[in-house]
Amino acid sequence: MKKLWLKIGLSFFILFFVVMVIVGIFSGELMKSTYLNMKENQLEDDAKILLQTTNIEHLNLDKDAATIQKTLDPLGDEIDARITVIDSEGDVVADTKKNPDNLNNHMNRPEVADILENGKSVGISIRESDSLGYSMLYVAVPVKHQGKTDGVLRISISLESVEAAVVKLWGHLALVFGIALVIIAAISVFIARKITRPVNEIIEVSTDLANHKYDSRIHGKVSGELKDLSISVNMLAESLEKQMFEIKQNEQRLNAIVQNLVSGVMLINVDKQVIMTNRTMYQILGESEITGKPFYEVIKSFALSQLIETTFETKTMQQKEIILYFPREMILDASVSPILAEDGEITGIILLLHDITQIRHLENVRSEFVTNVSHELKTPVTALKGFAETLLDGAMYDEILLKKFLTIIKEESDRLHRLIMDILALSRIEQNPVTENIELVDVDEVIEQSARTIFEMATGKNIHVSVPEKNITPVIIETDRDKLQQILINLLSNAINYTPLDGKVEVKLIEHEAEVIIEVTDNGIGIPAKDIDRVFERFYRVDKARSRHSGGTGLGLSIVKHLVENCGGRIEVESQEEVGSTFRVTLPKKA
């Protein structure tokens, strides 16, 4: 297509060349014919003049042959034409080039026959001369005597001169036509380039559009249909650019949506190869390369692979809860949907995997929580009911039993009250995880106030609670004062509950540049290594019997963990059985 101008120019040139050749041949033949006609007319006139000047018409052709020959002899040397006199019988009477006696009868010559036999006023013929051996032009006129044709006067000339003149004429025509062809070739190239320049630009813009260069435009100045075509191509380019921009935006949005879905997405083609996936799917499958591979190479689950194969076979949506054991154990809600063409044939499959491990865990926790709450509530309620029935059965009349049973009822009521309050506190913390009452808090002051709160409880077990000496420069952090105090009270109460008589509980405060660490250490019963990871679970007790005896609800440490996290911190525990435990709370200085 880049040589289109050459094709058009060459087509113009060939067209003009053919036309000029035809015109040239026609012109040459016309001029040759005209030239011969002029020669014929000239020879006819010359013959008639010769009849008048030589007085041949007044002579007897047979008797005065010698006189006629003598009259014509001088003319043979002066002119190139051949003059022949022929009588009515076709015999040659006189000739300027040959001896008449040696010439045959000329009655069969066309020009002579036209005069003598056909009675024409002039006879013309072109042929090769039998006596001279080359082409000649013969023009014959009648020789009349007393109104009758007595013979023929014929003048002939060699066509060599005519052919030379025609050749010269052809040479001139060729020269003129050659110059004309050069000019036409230049004009053809100019016109072809002018025509193809906008066409080439249109082709280049079309090629750019095919190569996704949608900002390409036609800028050349054209007119007519090419102008309309250029405008149409530019409008097409603008429309494509706008549409591709919108498609790209939609693709980016769709890709952003797919990539940020919490569910794993995988697109599988009809050849069972993965052609698209998102980040979540990589995380679920634990693979670094997925796209381009067969799905059964990247999915390490027989149940999930079977679900996909079933979808391929039945062309219907399949959904199932599947346990995945690699790369880690997960519970997945798998949904496999077929992509069907208009003819009902399957063209691909969309696989959605949603990790519901946490949901199932929460369901289990909720179930355990309900079970534990029911159990924890059942124990004091049963005690209250039992002792109340015993009193009603007559024990209330025994003052010692009455006092004992009422004491137990009070203790169980207090325990039930603590359990309900802890459940409400935990629910309130979980429903409002954001700390709103942020203020500057003196940590030393909060530690002292918390220690005073649990002083009576510690005195009852003769447990010494030591707090850090107040720093000259107060340790100030941004946090919720009430939540920090609740954390410390719960940790101190828990330490006292699980520390035997005459024990010791120590509070330490460590300040760093960006955070503070509060440690609560006791020398109590400690926590077995196997239970350390579960001590912050709701209703979890290391020693259930001892825990109930101590009056604990099993929610204290769970509440502490939630409070610490709400304050932006973290809690850790170190413990050894029969040695003691250390709970370490790390809080940021700035909220």
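Scope of the values below: all heavy atoms of this structure, side chains included, with no hydrogens, waters or symmetry mates. All values derive from a computational prediction rather than experimental measurement.
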Which pair of non-hydrogen atoms, one from Leu153 and one from Ala47, has the smallest distance, and what is that distance?
CD2-O, 3.3 Å

Please indicate whether Phe17 has more than 12 foreign heavy atoms, meaning atoms of other residues, nucleotides or ligands, lying under 6.0 Å from its CZ.
no

Please collect all salt bridge (Lys or Arg N to Asp or Glu O under 4.0 Å) contacts where either partner lies in residues 309-331, sequence neighbours excluded, each pair once.
Lys272-Glu309, Lys315-Glu345, Glu321-Arg360

Determine yes or no for a side-chain-to-main-chain donor-acceptor pair under 3.5 angstrom, with His106 supplying the side chain and Asn104 the backbone.
yes

Got a donor-acceptor contact below 3.5 angstrom from the Thr291 side chain to the Val274 backbone?
no

Roughly how far, to the nearest 0.5 Å, is OG of Ser337 from CG of Leu352?
6.5 Å

Donor on one side chain, acceptor on other, Gln243 and Ser239, under 3.5 Å
yes

Quick one: side-chain hydrogen bond (donor to acceptor under 3.5 Å, both in side chains) partners of Asp46, sequence neighbours excluded?
none

N-O pairing of Arg217 and Glu241 below 4.0 Å
yes

Is a donor on one side and an acceptor on the other found under 3.5 Å between the side chain of Asp87 and the backbone of Gly90?
yes

Minimum heavy-atom separation for Ser288 and Tyr282, please, with both atom names.
O-CE2, 3.5 Å

Step through the shown structure and confirm whether more than 12 heavy atoms of other residues, nucleotides or ligands are within 6.0 Å of CD on Glu251.
no

Answer whether the closest heavy-atom distance between the side chains of Ile155 and Arg82 falls below 4.5 Å.
no

I need the Ser121 OG to Ile115 CD1 distance, nearest 0.5 Å.
6.5 Å

Taking side chain as C-beta onward, heavy atoms only, is Ile477 less than 4.5 Å from Leu587?
yes

What do the steps show when you test Thr316 against Gln318 for side-chain contact (heavy atoms from CB on, under 4.5 Å), and what is the final call?
CA-CA 6 Å; Thr316 58; Gln318 304 292 322; 3.0 Å; yes

Least distance between heavy atoms, Gly568 atom then Pro588 atom
O-CD, 3.5 Å

Is the closest side-chain heavy-atom distance between Val141 and Leu51 below 4.5 Å?
yes

What I'd like to find out is whether the side chain of Ile308 reaches to under 4.5 Å of the side chain of Ile268, using heavy atoms alone.
yes

Walk me through it: do Leu137 and Leu43 pass the test side-chain contact (heavy atoms from CB on, under 4.5 Å)?
CA-CA 9 Å; Leu137 170 62; Leu43 290 179; 3.8 Å; yes

Quick one: CG on Leu72 to CG on Leu50, what's the gap to the nearest 0.5 Å?
6.0 Å

Sidechain-backbone polar pair: Asn278 side chain, Val265 backbone, donor-acceptor under 3.5 Å
yes

Interatomic spacing from OH in Tyr296 to CZ in Phe302 - rounded to 0.5 Å
14.5 Å

With Thr277 via side-chain hydrogen bond (donor to acceptor under 3.5 Å, both in side chains) - residues at least two apart
none

Under a 4.0 Å threshold between the charged nitrogen and the carboxylate oxygen, would Glu111 count as salt-bridged to Arg127?
yes

Go through Asn41 and Met38 one step at a time and tell me if the side-chain contact (heavy atoms from CB on, under 4.5 Å) criterion holds.
CA-CA 5 Å; Asn41 293 332; Met38 289 174 61; 5.7 Å; no

Could you check whether Glu44 pairs with Lys48 (Lys NZ or Arg NE/NH1/NH2 to Asp/Glu carboxylate O, under 4.0 Å)?
yes

Within the side chain of Gln319, is there an N or O that forms a donor-acceptor pair under 3.5 Å with the backbone of Ala334?
no

Indicate the atoms forming the closest heavy-atom contact of Val564 with Arg570, along with that distance.
CG1-N, 3.3 Å

For Val205, does its backbone N or O pair with a side-chain atom of Lys213 as donor and acceptor, under 3.5 Å?
no

Return yes if some donor-acceptor pair links the side-chain N/O of Thr34 with the main-chain N/O of Leu30 below 3.5 Å, else return no.
yes

side-chain contact (heavy atoms from CB on, under 4.5 Å) evaluation trace for Asn260 with Arg279:
CA-CA 8 Å; Asn260 290 284; Arg279 287 192 294 266; 3.1 Å; yes

Minimal heavy-atom distance between Leu304 and Leu351, with the atoms involved, is CD1-CD1, 4.0 Å

In short, Lys97 meets Ala81 closest at the heavy-atom pair CE-O, 3.8 Å

Is there a donor-acceptor pair closer than 3.5 Å between any side-chain N or O of Asn250 and the backbone N or O of Glu246?
yes

Separation between CE of Met317 and OG1 of Thr311, rounded to the nearest 0.5 Å:
9.0 Å

What's the separation between atom OG in Ser216 and atom CG in Leu240, rounded to the nearest 0.5 Å?
11.5 Å

Ile322 side chain reached by Asp333 side chain, heavy atoms, under 4.5 Å:
no

Quick one: does Ile356's side chain get under 4.5 Å of Leu332's, heavy atoms only?
no

Residue pair Leu285 / Met266, side-chain heavy-atom distance below 4.5 Å
yes

With a 3.5 Å distance limit and no angle check, can you tell me whether Thr357 reaches the backbone of Ile331 through a side-chain donor-acceptor pair?
yes

Are any of the side-chain heavy atoms of Glu204 and Thr207 separated by less than 4.5 Å?
no

Show, in sequence, the C-alpha distance, side-chain angles and deciding distance for Thr84 and Asp95, and conclude whether the side-chain hydrogen bond (donor to acceptor under 3.5 Å, both in side chains) test is met.
CA-CA 4 Å; Thr84 306; Asp95 192 278; 2.4 Å; yes

